[in-house]
Amino acid sequence: MKQENPDELFVYALRLLGARAYSETALRQKLSRRAPLEVVEATLGRLKQQGYLDDHSYAEGYVRLYSGKWGAAKLRRALWAKGVSREIVEEVLATQMAQQDPVAEALALLERYPSRHRGEKPRAIRFLANRGYALAHALAAWARYLEQASP
């Protein structure tokens, strides 16, 4: 393990955060390869104090980026896998999902990717479920899809 002093590690962390967003857990893992745990924790504290590292903002950006492609369940699992706390994930998803219609999003996916379901209900429901949509939302989207397809 390379031994970096706190200032060098802070500059390295800023470069990482400048390239892309990281959750606190992911950044901790990345920094721990370069310095002892005490130095890493001090650097993370300094980053949070100065506003460079915030899991809540990270989760909001992640949900905004993927909300049209994934449902709430898949977003929840992905954020948990990235080390974002359950409280933050639930808060962000509740805020974002209140502003969106999951059935309309699922319908848009069915319309955008007709080759994924080929007009077959089981394939369409499985496609939407794999994208993280609830069964009720997937069924409602399929019903709307059929209404639009038949005049």
Side-chain angles (χ1 to χ4, degrees), residues 9-10 12-35 37 39-151:
L9 192 65
F10 182 76
Y12 174 69
L14 286 177
R15 272 189 296 156
L16 289 174
L17 291 169
R20 75 174 185 86
Y22 283 88
S23 67
E24 184 178 342
T25 303
L27 189 60
R28 178 179 288 114
Q29 289 173 349
K30 193 126 177 113
L31 295 179
S32 66
R33 296 181 200 139
R34 297 188 138 220
L37 187 58
V39 177
V40 170
E41 291 301 324
T43 302
L44 291 174
R46 188 172 163 193
L47 288 167
K48 287 195 295 190
Q49 179 186 16
Q50 294 183 12
Y52 293 115
L53 185 62
D54 181 20
D55 274 357
H56 195 274
S57 297
Y58 174 79
E60 285 176 340
Y62 195 87
V63 168
R64 258 192 322 276
L65 182 63
Y66 290 104
S67 64
K69 303 169 191 154
W70 295 349
K74 189 165 184 175
L75 287 168
R76 183 176 290 113
R77 286 190 306 268
L79 285 168
W80 286 344
K82 293 187 177 297
V84 180
S85 73
R86 293 184 186 270
E87 296 81 25
I88 291 174
V89 171
E90 295 305 325
E91 179 185 335
V92 169
L93 285 177
T95 303
Q96 292 291 85
M97 295 303 148
Q99 301 168 359
Q100 299 167 347
D101 180 14
V103 176
E105 287 180 3
L107 177 60
L109 283 173
L110 289 175
E111 291 169 344
R112 191 177 315 139
Y113 301 108
S115 63
R116 299 286 174 100
H117 57 82
R118 298 183 191 137
E120 300 172 14
K121 182 179 180 179
R123 290 176 68 110
I125 301 305
R126 194 169 42 251
F127 168 67
L128 293 173
N130 287 340
R131 290 284 182 117
Y133 289 92
L135 180 61
H137 297 148
L139 290 170
W142 179 252
R144 283 192 199 173
Y145 182 79
L146 290 179
E147 288 174 8
Q148 291 178 356
S150 61

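Just so we're clear, the structure is a prediction, and the values are computed from it rather than from any experiment.
In this structure, R46 CZ and L9 CG are separated by 10.0 Å, a value rounded to the nearest 0.5 Å. Here CG of L79 is found 11.0 Å from CD of E60. Values are rounded to the nearest 0.5 Å. Taken from CG in L75 to OH in Y62, the straight-line distance is 7.5 Å, to the nearest 0.5 Å. One finds the CD atom of Q29 at 7.5 Å from the OG atom of S23 (value rounded to the nearest 0.5 Å).
I88 and H56 get closest at one heavy-atom pair: CG2-CA, 3.8 Å. L93 and A72 get closest at one heavy-atom pair: CD1-O, 3.9 Å. Taking both residues in full, the closest heavy atoms of Y133 and P102 are given as CE2-O, 3.6 Å, listed atom of the first, atom of the second, then distance. The shortest heavy-atom contact between V84 and A59 is CG1-CB, 4.3 Å. The two atoms that bring T25 and G83 nearest to each other are OG1-O, 3.2 Å, heavy atoms only. Across R118 and S115, no two heavy atoms sit closer than the pair CG-O, 3.6 Å.
Between E105 and the choices K69, Q100, R131, H137, the side chain to side chain contact (heavy atoms under 4.5 Å, CB included) rule is met once, by Q100.
Taking the side chain as every heavy atom from C-beta outward, L139 and K121 approach each other to under 4.5 Å. The shortest distance between side-chain heavy atoms of L27 and T43 does not fall below 4.5 Å. Inter-residue side-chain proximity for L47 and L14 is flagged as met; some heavy-atom pair is nearer than 4.5 Å. The shortest side-chain heavy-atom distance between Y12 and K30 falls under the 4.5 Å cut-off.
Not counting sequence neighbours, T95 has no partner by the side-chain hydrogen bond (donor to acceptor under 3.5 Å, both in side chains) test. Shown here are the salt bridge (charged side-chain N to carboxylate O under 4.0 Å, His left out) partners of R144, two or more places apart in sequence or in another chain: D101. With sequence neighbours left out, the ring-ring contact (aromatic ring centres under 6.0 Å, His included) criterion links H117 to W142, Y145. Partners of W70 under the ring-ring contact (aromatic ring centres under 6.0 Å, His included) rule, at least two apart in sequence or in another chain, are Y66. With sequence neighbours excluded, no residue forms a side-chain hydrogen bond (donor to acceptor under 3.5 Å, both in side chains) with Q96. Contacts of E111 classified as side-chain hydrogen bond (donor to acceptor under 3.5 Å, both in side chains), with partners at least two apart in sequence or in another chain: none.
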(message) Working note: R76 + E90, criterion side chain to side chain contact (heavy atoms under 4.5 Å, CB included); need CA distance, chi angles, decisive distance, verdict.
(response) CA-CA 8 Å; R76 183 176 290 113; E90 295 305 325; 2.7 Å; yes
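Geometrically, R123 does not engage F127 in a cation-pi contact, judged by NZ or CZ lying under 6.0 Å from the ring centre and within 45° of the ring axis.
Within a 6.0 Å sphere centred on NZ of K82, heavy atoms belonging to other residues, nucleotides or ligands number 12 at most.
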